[in-house]
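In listed order, ligands and their atoms are each counted from 1.
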Amino acid sequence: MRVLSGIQPSGKLHIGNYFGMMKPAVELQEKGETFLFIADYHALTSVTDGAFLRKSTFDVALDFLACGLDPRRAVFFRQSDVPEVTELTWLLSIVTPMGLLERCHSYKDKIAKGIAPNHGLFAYPVLMAADILAYQSNLVPVGKDQKQHVEVTRDIAVKFNNAYGQVFTIPEPSIREKVAVVPGLDGQKMSKSYNNHIELFGEKKDTRARIMRIVTDSKTLADPKDPDTCKVFALYRLFATEDETRRLAERYRAGGMGYGEAKKMLFERLWNCLAPFRARRAELEKNPGYVESTLRQGAERARAEARRTLDAARRAIGVD
Ligand code: ADP
């Protein structure tokens with residue numbers, strides 16, 4: 001089974017990214033052949049500063065390696081190091097109906113936010129389809145917000161296979177329901193674009209301050225509280241054991257515990273859980289040559305695979 005996922009280097013990674021995408025991907029590397037890449041070409045739809053993009057790409061590489069990505073098991077690379085994927089994007093665009101792209105929530109949301117609708121933004125899902133199909137991926141672990149893009153990929157693959165013959169494996173999205181959407185400080189989906197996030201490798205002071213800002217209801221210290229609607233609790237359970245989670249839920253329901261105390265518990269738990277990752281990241285940061293050569297070796301393996309698929313697609317379509 002081949003597992004593939006990608007992440008854009010468009011800013012610092014946060015705990016929503018970690019639980020929604022990085023952790024599942026790292027766990028899956030034990031079960032199947034994993035391809036993981038840094039989607040720098042996708043990031044170009046929102047990042048216009050080259051120096052920032054370069055730095056973010058490096059930071060994301062560090063983050064993944066620190067969080068347990070093992071380059072001996074997984075193929076880890078930069079999207080832009082595999083030109084076969086951009087070539088495949090064109091072949092796929094031939095069978096991609098405009099309406100399919102017009103219906104994409106992510107595109108509509110970006111337009112609604114006032115982002116200029118250029119072709120890159122519109123064709124974003126076709127590039128994503130090429131990412132997935134180039135490696136004949138079976139499973140694509142992503143957060144809920146990316147599910148539609150994987151469905152679009154399936155549609156495109158089926159259309160191509162029907163029109164030109166069996167070239168692509170039809171992929172499945174893999175969404176972890178328990179952590180499908182990690183809430184942010186304001187209760188909306190955690191996202192760097194809402195600035196409601198907690199960085200995975202943020203400064204201690206800033207991390208604590210952000211946790212103290214999580215929005216809660218106006219119950220007094222004595223009031224019983226509902227763990228099922230509380231965002232502090234929702235974040236705590238991601239880091240705690242089942243026992244710890246149950247104990248905190250009991251204390252919430254009993255009353256007599258304030259949100260301030262729960263936030264302190266969340267901070268302690270989160271900070272301690274991430275300590276080994278922070279230590280590994282600090283080590284890797286001292287060795288940028290290792291990080292770069294890891295990405296290059298990954299790209300070589302990825303290119304060999306993408307080349308095979310691209311050749312098959314070109315043959316099928318009549319441009320070999
Ligand atoms: P952001 O919303 O911060 O810009 P991205 O859209 O770059 O994050 O998402 C990168 C990956 O992380 C995707 O697979 C996405 O589904 C996942 N992800 C992002 N935010 C969350 C969240 N709050 N909960 C779960 N998964 C998330």
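T57 and D40 share no side-chain donor-acceptor pair at under 3.5 Å.
Of the candidates I15, V182, N196, V182 brings a heavy atom nearest to atom 23 (N) of ligand 1. Of the listed residues (G16, S193, G20), the one carrying the non-hydrogen atom nearest atom 21 (C) of ligand 1 is G16.
In this structure, Y252 and Y259 have perpendicular ring planes: the angle between them is above 60°, well past the 30° mark. The aromatic rings of W271 and F267 lie parallel to each other, their planes meeting at an angle below 30°, with 60° marking the opposite boundary. Taking the six-membered ring for Trp and thresholds of 30 and 60 degrees, F76 and F64 have ring planes inclined between 30 and 60 degrees apart. Using cut-offs of 30° and 60° on the angle between ring planes, the pair H149 and Y124 is tilted.
The two residues A43 and L53 come nearest to each other via the heavy atoms CB-CD1, 3.8 Å.
Where the criterion is an N or O separation shorter than 3.5 Å, residue side chain and backbone included, M21 fails it with respect to ligand 1. For S10, no nitrogen or oxygen atom sits less than 3.5 Å from a nitrogen or oxygen atom of ligand 1, counting backbone and side chain alike. Polar contact check, V142 against ligand 1: no nitrogen or oxygen pair lies under 3.5 Å apart. Taking distance alone, with nitrogen or oxygen atoms compared against 3.5 Å, K189 approaches ligand 1 more closely than that limit. Looking at ligand 1, you won't find any N or O of K144 less than 3.5 Å from one of its N or O atoms.
Residues F35 and S137 fail the side-chain proximity criterion, which asks for heavy atoms closer than 4.5 Å. At a threshold of 4.5 Å between non-hydrogen side-chain atoms, the residues V181 and K144 count as touching.
Residue M190 approaches ligand 1 through these ligand atoms, each under 4.0 Å from one of its heavy atoms: 20 (N), 21 (C), 22 (C), 23 (N). Of all atoms in ligand 1, listed by their number and element, those nearer than 4.0 Å to a heavy atom of H14 are 1 (P), 3 (O), 20 (N).
Under a 4.0 Å heavy-atom criterion, M22 is not in contact with ligand 1.
Contact annotation: for D145 versus ligand 1, heavy atoms closer than 4.0 Å belong to the side chain alone. Contacts with ligand 1 closer than 4.0 Å are made by heavy atoms of both the backbone and the side chain of N17.
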